[in-house]
**Student:** 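Attaching a single structure in C-alpha cells format; questions to follow.
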There are 2 protein chains.
Amino acid sequence: MEPSLDTRTRILSTARELFHGRSYADVGVKEICSIAKVPKGSFYHFFPSKQDLAMAVIDDMAEDWAHGFVAEAFDRDLPPLERLDYMIDAAYYWQKAAKDIEGRMPGCLFGNLALEVSTRDDVLRAKLHAVFQKASARFHETLDEAVEAGVLAPLNTEATAQAMLAYLEGVILLAKTRNDPEVVRILGPAIKTLRIELAAEN
Amino acid sequence: MEPSLDTRTRILSTARELFHGRSYADVGVKEICSIAKVPKGSFYHFFPSKQDLAMAVIDDMAEDWAHGFVAEAFDRDLPPLERLDYMIDAAYYWQKAAKDIEGRMPGCLFGNLALEVSTRDDVLRAKLHAVFQKASARFHETLDEAVEAGVLAPLNTEATAQAMLAYLEGVILLAKTRNDPEVVRILGPAIKTLRIELAAEN
DNA sequence: GGTTGACTAGACCGACTGGTCTACTATACT
DNA sequence: AGTATAGTAGACCAGTCGGTCTAGTCAACC
C-alpha cells in the first residue's frame, strides 16, 4: 500500500541506529542510504536535508522513549521514589545490552547530539532542549508526588528534577567514557540523594 | 631561537580553541592551519595525524586545568566543602565569560570530546578516561579530608567523588543545551548533596 | 664553505561530503 | 486511455577531508 512510508521508516531507523552508535558528523547520507537500501533520490524525496533527518530522528526517538521504558519507569502505580530506581535500572540494562551486542556503550542519543551540535546548530539545539525539558517534567511530577505522599521532605522540586536529569546524563557520559555500563549501576542510585532546597522566603 | 616551538604552540592553542568551541569532526586540519598561520607541511611536521593533535590538545588542556583554576579550587587552605562551591563558581564564570565573548556556551572540552569520539576511537577514549580519573581523584581527596575533619558524615568517598564529577559534567551538558550558564549556578551547588553510602558489611 | 637536518611552503592525492539533477516506473485519478 | 503525481534510481556536482610529496629556506655545525 504505502511502500513510501516503509522507505521513510527504514531511513529513519537506520539513521537513528547509526547516529546513536557513532555520531551525527561521522555518519553520511550515503552510508545511511546504502544500509537502509534506499537510493539517494528517495532520501532527498523524504528529507530535505540531513538536518531535517536529524530532527525527525530526535522526534522518533523521543516518541519511542516516552511511550517505552520511560512510561514504564514513571508508572503512576509505582511508589514515586521507586520510579527513580526503575529509571536507573532501565538505563543500565539498555546500555549493557547495547554494549554486549555492539561492543561499545552508545550512551544517550540526546546527550551525544546535544554536545556535538549545540554550538553550531541552534535549531537542533532547541529541539534537544525541548526533549530535556520534557524529560525533566517527568522527574518533576514524580518529585511533587513524593512530597505530597510525605515520603520526601519538601524541596524545590523543579530545580531538583533538572538536577536529577543532569546527573543521569553525567553518569551516562562517564560510563560511556569508560565504556562500562556498570558505572551506571554503581553511581546511578545516588540520584535520589540530590536535593535543591526551596529558596528561603522569610 | 626556537620558532618551531612557537609554531607548535600556535597550532596547539588554535586547535584547542576550535575543538572546544565547535567539535573535533567539525574542525579540519586546513582550517587550523590557516587560522594559526601555519602551512600544512609544518603541521604534519609536528603532528603525525589529527588524532595525535587531539591527544596533545587534551594533555595541554589537562595541564592548564590542573595548574589553573582547578588547583585554586582544590586549594588545601580552603575548608574542604567550600572547595566544591569554588569549583562550581569557577565553572560558572568560565562558561559565562566564554558565552559573553563567543555568544555560545562551549561546555567542557573533555565532556564534548568524550561523547563525540569515544565510540570510534579507543585511544582518545582512554586518554579522556584518564583525565576524568584524575579529576575525580581531586574530589576524592577533598571528600576524605571533609570526613576526617568531621564536617561530613562517613561515606563511600571514592564512589561519591565520581558521582560529583558526573554531576558536574551533566550540569554543564544541560547548560550547554540551553546555551545558558545560569543553569550551572542554579543546579551546581547541589553537588554537595550527593552521597553514596559505604557498603554495609555487617 | 659545504653539508646536514629542522622547518616552511603549498600543490596535490584519492576518497568522500551533502546535495542536485535527470530519467524512469508505478500507481491513482479523470 | 491518458495524465498527473509519488517515488525510485543513481550519475553527477563542487567542495572538503586527512594526508603525502616535492621543493626550497635557513641556521648550526664540521
Side-chain angles (χ1 to χ4, degrees), chain A residues 1-58 113 116-125 127, chain B residues 1-19 21-58 112-113 116-125 127:
Chain A
M1 293 276 156
E2 292 266 20
S4 64
L5 245 182
D6 223 45
T7 301
R8 208 190 107 100
T9 307
R10 222 160 55 238
I11 295 171
L12 213 49
S13 66
T14 304
R16 186 169 123 176
E17 264 174 53
L18 292 176
F19 287 159
H20 194 183
R22 309 233 293 282
S23 75
Y24 180 63
D26 199 40
V27 176
V29 174
K30 191 179 174 180
E31 186 182 2
I32 294 168
C33 288
S34 78
I35 291 179
K37 296 206 175 66
V38 165
K40 214 133 172 242
S42 302
F43 179 96
Y44 281 96
H45 174 74
F46 291 105
F47 301 97
S49 71
K50 193 187 175 188
Q51 191 210 40
D52 281 270
L53 170 66
M55 298 286 275
V57 164
I58 295 169
L113 284 175
E116 185 182 356
V117 308
S118 57
T119 43
R120 74 178 145 148
D121 190 324
D122 252 25
V123 180
L124 285 177
R125 208 207 74 235
K127 175 133 236 153
Chain B
M1 290 272 157
E2 294 264 20
S4 66
L5 245 182
D6 223 45
T7 301
R8 209 191 106 101
T9 307
R10 220 160 55 237
I11 295 171
L12 212 49
S13 66
T14 304
R16 187 168 122 177
E17 262 174 55
L18 292 176
F19 286 159
R22 308 232 291 283
S23 75
Y24 179 64
D26 199 40
V27 176
V29 173
K30 191 179 173 181
E31 187 182 0
I32 295 168
C33 289
S34 78
I35 291 179
K37 294 205 175 68
V38 165
K40 216 141 174 229
S42 302
F43 179 96
Y44 280 98
H45 174 73
F46 291 105
F47 301 98
S49 71
K50 193 187 174 187
Q51 191 209 40
D52 280 270
L53 169 67
M55 297 286 274
V57 164
I58 295 169
N112 296 350
L113 285 175
E116 185 181 357
V117 308
S118 57
T119 43
R120 75 179 145 146
D121 190 325
D122 253 24
V123 180
L124 285 177
R125 208 206 74 235
K127 174 133 240 151

**Student:** Would you mind reading off the distance between H45(A) atom NE2 and dA23(C) atom C1', rounded to a whole angstrom?
**Tutor:** 16 Å

**Student:** If we ignore hydrogens and angles and just use 3.5 Å, is the side chain of R125(B) paired with the main-chain N or O of T119(B) as donor and acceptor?
**Tutor:**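 Checking the backbone N and O of T119(B) against the side chain of R125(B), no donor-acceptor pair under 3.5 Å is found.
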
**Student:** Without decimals, in angstroms, what is the distance between D52(A) CG and dG19(C) C1'?
**Tutor:**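 Rounded to the whole Å, the gap is 13 Å.
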
**Student:** Measure from CZ on R8(B) to P on dT8(C) and round the result to the nearest Å.
**Tutor:** 13 Å

**Student:** Report the distance from atom CD1 of I11(A) to atom P of dG7(D), rounded to the nearest whole Å.
**Tutor:** 11 Å

**Student:** Give every pair of a protein N or O atom and an N or O atom of nucleotides 13-21 of chain D that lie under 3.5 Å apart, one pair per line with the distance.
**Tutor:**
residue: dG18(D); atom: OP1; partner: K50(B); partner atom: NZ; Å: 2.8
residue: dG18(D); atom: OP2; partner: V29(B); partner atom: N; Å: 2.8
residue: dG18(D); atom: N7; partner: K40(B); partner atom: NZ; Å: 3.4
residue: dG19(D); atom: OP2; partner: Y44(B); partner atom: OH; Å: 3.1
residue: dG19(D); atom: OP2; partner: K50(B); partner atom: N; Å: 2.8
residue: dG19(D); atom: N7; partner: K40(B); partner atom: NZ; Å: 2.8
residue: dG19(D); atom: O6; partner: K40(B); partner atom: NZ; Å: 2.1

**Student:** Are any side-chain N or O atoms of K50(B) and backbone N or O atoms of Y24(B), one a donor and one an acceptor, separated by less than 3.5 Å?
**Tutor:**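 Yes: the side chain of K50(B) pairs with the backbone of Y24(B).
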
**Student:** Strictly distance-based, threshold 3.5 Å: is any side-chain N or O of E116(A) a donor or acceptor partner for the main-chain N or O of S23(B)?
**Tutor:** no

**Student:** Counting distance only, does the side-chain N/O of R16(B) pair as donor-acceptor with the main-chain N or O of V57(B) below 3.5 Å?
**Tutor:**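 Looks like no, no N/O pair under 3.5 Å.
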
**Student:** Just jot down the side chain to side chain donor-acceptor pair (under 3.5 Å) partners of S49(A), sequence neighbours excluded, or say none.
**Tutor:**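 Side chain to side chain donor-acceptor pair (under 3.5 Å) list for S49(A), sorted by chain: D52(A).
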
**Student:** Between F47(B) (CZ) and dA6(C) (C1'), how many Å, whole number?
**Tutor:** 16 Å

**Student:** Say whether, by atom type as modelled, one donor and one acceptor occur between the side chain of T14(A) and the main chain of R10(A) under 3.5 angstrom.
**Tutor:** yes

**Student:** Let me know the distance between NZ of K37(A) and P of dG10(D), rounded to the nearest Å.
**Tutor:** 13 Å

